[in-house]
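Structure first, then comments.
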Amino acid sequence: MLNTAAKSEAPGTEQELTDGFHLVIDALKLNGIDTIYNVPGIPITDLGRMAQASGIRVISFRHEQNAGYAAAIAGFLTKKPGVCLTVSAPGFLNGLTALAHATTNCFPMILVSGSSEREIVDLQQGDYEEMDQLAIAKPLCKAAFRVLHAQDIGIGFARAIRAAVSGRPGGVYLDLPAKLFGQVMNADAGQKSLVKVIDAAPAQIPAPASVKRALDVLKGAKKPLIILGKGAAYAQADEAIKNFVEKSGAPFLPMSMAKGLLPDLHPQCAGAARSTVLKDADVVMLIGARLNWLLSHGKGKTWGEAPKKFIQVDIEPKEMDSNVEIAAPVVGDIGSCVSAMLDAMGNSWTAPPADWLNAVKTKRDDNVAKMAPRLMNNNSPMDYHGALGVLRTIIKERPDAILVNEGANTLDLARGVIDMYQPRKRLDVGTWGVMGIGMGSAIAASIETGKPVLCVEGDSAFGFSGMEVETICRYNLPVCVVIFNNDGIYRGTDKNSVNADPATTVFVKGARYDKMMEAFGGVGVNATSPDELKRAVNEAMDSGKPTLINAVIDPAAGSESGRIGNLNPQSVLAKKK
Ligand code: ADP
Ligand code: TPW
Ligand code: MG
């Protein structure tokens, strides 16, 4: 139903009116956008209020970056653009990191920011929060639009939505100058100006010849490997992907956010034999995963000496050959591509050679067995493995819960230790390895899915979005935050040998993050052993109460930059410690 703003006053000319505020809300609702992640202020305070009054869920954050990360992950989880609403210049800039993050990760998101008066901004006359936001946003997103007239709001939102979700998804910026909101127009004309986006992300069917080429390459493999990336998780083609992987018989390796697409305990999962399969495979099929730094660009030591052929399934044609030659590109949406491959495989597909499958299985079972005793230790203070062993069991018992994870050691070790069982249950730092996605992701995950959320956070990582524990308490969300508190970044043991300042990577020793949650009425627990941790997390997950557990980790347990210390540049002048 149309929101009408008012009636015109002049006698004889009485007509229903609408305005920019109402048209924005109507445009969102018409397109099924039912949630906004927001921080209020001039000129969008009333927009948030009116959106809430109209039935849209408006989640107000303490910082736009976190609202933006929430919108970005909402896009990943739902395939609809997550919407973040901010004020002008500083609010816009705070949201911009998340917009760039969404674009980098191929998540559909729309950053909607109010802006100042165009005439004043363009003459640089010093308006309130003056900034040429559109120009600044452009290089950081897929598309950027500004709406100057109320009658263009419908088209503006339609373009933003379509740009965000079609093709390779990404971030879109929509600039709404303050003046727009108060613009009045005839309500009927306003209604007619709205656009319902039909088939926003149309299926992109792969060329049959590309499907045949891919299967020919796969069939010729002696040591095939399938790598599933977060694009495959995003695609929501879970059944088709599972059937395809199983029919192929090939070992599969899930990238971090693709874990659970097929369970990590699936007999074909090569997660625990990662280095072996990357090194030894002769044919590698990438499904919704890029050959970026996370896969060592498809070359070098990680990939071994033996020649390899790559098959790549992706919606973005330009992704092909980005790092190495792709022998069989399959361009299309993953649902269509995987279904087409499945059909073309027929009923007589032969499994890969047994010696390859056995070699992978042996390596995987060895690595799992080596890890097992470390996960059962009950040391106090805890080490990473003792604490993670407990969380791994909790997720096994509650496969429905969503796991949010960030940090360095806390991230890298949790990714390896905690098995996932269902698609889109693991949300983490993404392609850039961003610290700060934690609380925004947790809030959006809870709002969008209604499922319980477990956040496993480094103490540094948590600090980037920690104030949002107030938001978690305010909306009473079933979020349990576990802080791996090792007194710092990577380790809490660095010393400054020159003066009394603390070393650059350490924090206050023995900090009690649990008290932060108590300050807002949530539950805080200090856990010093795996047993205590287990009890506290189970209690939190059972009660659904906002909870923060300060898990005391040995400050000496971690290593520099977790698993990616090799990426640190080295000074030849600095003395090695
Ligand atoms: P990961 O970090 O898990 O390896 P990436 O973010 O590098 O994954 O890669 C995701 C890829 O998935 C991107 O290249 C993107 O174009 C692609 N993608 C996203 N959605 C789809 C889809 N629906 N169909 C096909 N490809 C997709
Ligand atoms: C936005 C650099 C990578 S990991 C990390 C930082 C600051 C924190 C690691 O410490 P934490 O984990 O979280 O306590 P742990 O278990 O190893 O002690 N700014 C941004 N993103 C990144 N990646 C950084 C800085 C970084
Ligand atoms: Mg730490």
Side-chain angles (χ1 to χ4, degrees), residues 65 69 75-76 79 97-98 101 103-108 165-170 201-204 206 227-237 241 253-259 261 286-295 312-320 322 330-338 384 387-388 405-414 426 428-438 456-465 483-493 504-507 511 551 553-555 557-565 567-568:
Q65 194 172 94
Y69 289 142
F76 170 73
K79 289 186 100 173
T97 316
H101 164 79
T103 306
T104 299
N105 283 277
C106 317
F107 299 158
V165 297
S166 61
R168 170 183 276 177
Q204 291 186 219
I227 298 182
L228 301 171
K230 58 171 127 54
Y234 172 79
Q236 297 194 17
I241 291 171
L253 185 66
M255 300 299 285
S256 192
M257 283 176 62
K259 274 165 71 82
L261 209 43
L286 301 151
I287 304 182
R290 287 170 286 189
L291 278 177
N292 56 18
W293 72 279
L294 286 157
L295 284 169
Q312 185 158 26
V313 180
D314 205 290
I315 202 158
E316 176 56 66
K318 292 201 300 287
E319 187 56 39
M320 307 300 160
S322 61
V330 183
V331 175
D333 75 274
I334 284 167
S336 302
C337 293
V338 170
Y384 286 92
L388 287 169
N405 189 198
E406 60 177 337
N409 294 279
T410 306
L411 176 83
D412 291 347
L413 295 169
R426 186 184 153 81
D428 68 28
V429 297
T431 304
W432 271 346
V434 177
M435 296 302 113
I437 51 86
V456 181
E457 300 270 317
D459 52 338
S460 164
F462 171 73
F464 288 76
S465 69
I483 313 257
F484 276 36
N485 186 0
N486 63 345
D487 295 345
I489 298 174
Y490 314 139
R491 296 163 71 89
T493 51
T504 56
T505 57
V506 302
F507 298 145
I553 303 283
D554 178 354
S559 52
E560 179 97 355
S561 302
R563 289 262 166 90
I564 55 173
L567 299 182
N568 284 304

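Counting starts at 1 for both ligands and their atoms, in listed order. Throughout, numbering of the chain's residues begins at 1 and tracks the sequence.
Note that CG of Leu411 and CD1 of Ile564 are 8.5 Å apart. Values are rounded to the nearest 0.5 Å. Within the model, atoms CD of Glu457 and CD1 of Ile483 stand 6.0 Å from one another, a figure rounded to the nearest 0.5 Å. The line from CE of Met435 to OG of Ser460 is 7.5 Å long, rounded to the nearest 0.5 Å.
Contact atoms of ligand 1 toward Gly229: 3 (O) (distance under 4.0 Å to a heavy atom of the residue). Distances below 4.0 Å separate heavy atoms of Asn292 from the following atoms of ligand 1: 7 (O). Per-residue contacts place Tyr234 under 4.0 angstrom from the following atoms of ligand 1 (heavy atoms of the residue considered): 20 (N). In summary, the atoms of ligand 1 found under 4.0 Å from a heavy atom of Met255, numbered by their order in the structure, are 3 (O), 4 (O). Contact atoms of ligand 1 toward Gly288: 8 (O), 9 (O), 10 (C), 11 (C), 12 (O) (distance under 4.0 Å to a heavy atom of the residue).
Looking at Arg491 next to ligand 2, no N or O pair under 3.5 Å apart turns up. An N or O contact shorter than 3.5 Å is missing between Val434 and ligand 2 by distance. Between Ile315 and ligand 1, at least one N/O pair is under 3.5 Å apart. On a distance-only criterion, Asp333 and ligand 1 share no N/O pair closer than 3.5 Å. Considering backbone and side-chain N/O atoms, Glu319 never comes within less than 3.5 Å of an N/O atom of ligand 1.
Among all non-hydrogen protein atoms, the one lying nearest atom 8 (C) of ligand 2 is Ser460 OG, 3.3 Å. In terms of protein heavy-atom proximity, atom 12 (O) of ligand 2 is nearest to Ala408 N, 3.2 Å. Ranking the protein heavy atoms by distance from atom 22 (C) of ligand 2 puts Met435 CG, 3.6 Å first. The protein atom (non-hydrogen) at minimum distance from atom 15 (P) of ligand 2 is Tyr384 OH, 3.5 Å. Scanning all protein heavy atoms for the shortest distance to atom 13 (O) of ligand 2 gives Ala461 N, 2.9 Å. The shortest contact between atom 14 (O) of ligand 2 and any protein heavy atom is with Asp459 OD1, 2.5 Å.
Here the shortest heavy-atom distance to atom 18 (O) of ligand 2, taken over Leu411, Asp412, Ile437, Asn486, belongs to Asn486. Considering each of Ile334, Asn105, Val330, Ile287, the one bringing a non-hydrogen atom nearest atom 25 (C) of ligand 1 is Ile334.
The name of the N, O or S atom in Asp459 nearest to the Mg ion (ligand 3) is OD1.
Residue contacts with ligand 2: Gly488 is included, with a non-hydrogen atom under 4.0 Å away. Residue-ligand proximity: Gly433 is placed with a non-hydrogen atom under 4.0 Å from ligand 2. Tyr490 counts as a contact of ligand 2, since one of its heavy atoms falls under 4.0 Å from the ligand. Contact annotation: Ala258 has no heavy atom less than 4.0 Å from any atom of ligand 1. Within the structure, the closest approach of Phe464 to ligand 2 falls below 4.0 Å when heavy atoms are considered. At least one heavy atom of Gly332 sits closer than 4.0 Å to an atom of ligand 1. Residue Phe462 places every heavy atom at 4.0 Å or more from ligand 2.
The backbone and the side chain of Lys230 each have at least one atom closer than 4.0 Å to an atom of ligand 1 (non-hydrogen atoms only). Of the heavy atoms in Cys106, only side-chain atoms (C-beta onward) come closer than 4.0 Å to ligand 1.
Under the 3.5 Å distance criterion, the side-chain polar atoms of Asn292 are matched with a main-chain donor or acceptor of Leu294.
Here Asp487 does not reach the Mg ion (ligand 3): none of its N/O/S atoms is less than 2.8 Å from the metal. In summary, Ser460 places no N/O/S atom under 2.8 Å from the Mg ion (ligand 3), failing the contact criterion. Residue contact annotation: Ala461 places no N/O/S atom under 2.8 Å from the Mg ion (ligand 3).
Counted by atom type alone, Arg491 and Thr505 present zero donor-acceptor pairs between their side chains at under 3.5 Å. Side-chain N/O atoms of Asn568 and Ser561 include a donor and acceptor closer than 3.5 Å. With no hydrogens or angles considered, no side-chain donor-acceptor pair links Tyr384 and Asp554 at under 3.5 Å.
Classified by interplanar angle (parallel below 30°, tilted 30° to 60°, perpendicular above 60°), the ring pair Tyr69/His101 is perpendicular.
Within the 4.0 Å cut-off (strictly below), no protein heavy atom is located near atom 2 (C) of ligand 2.
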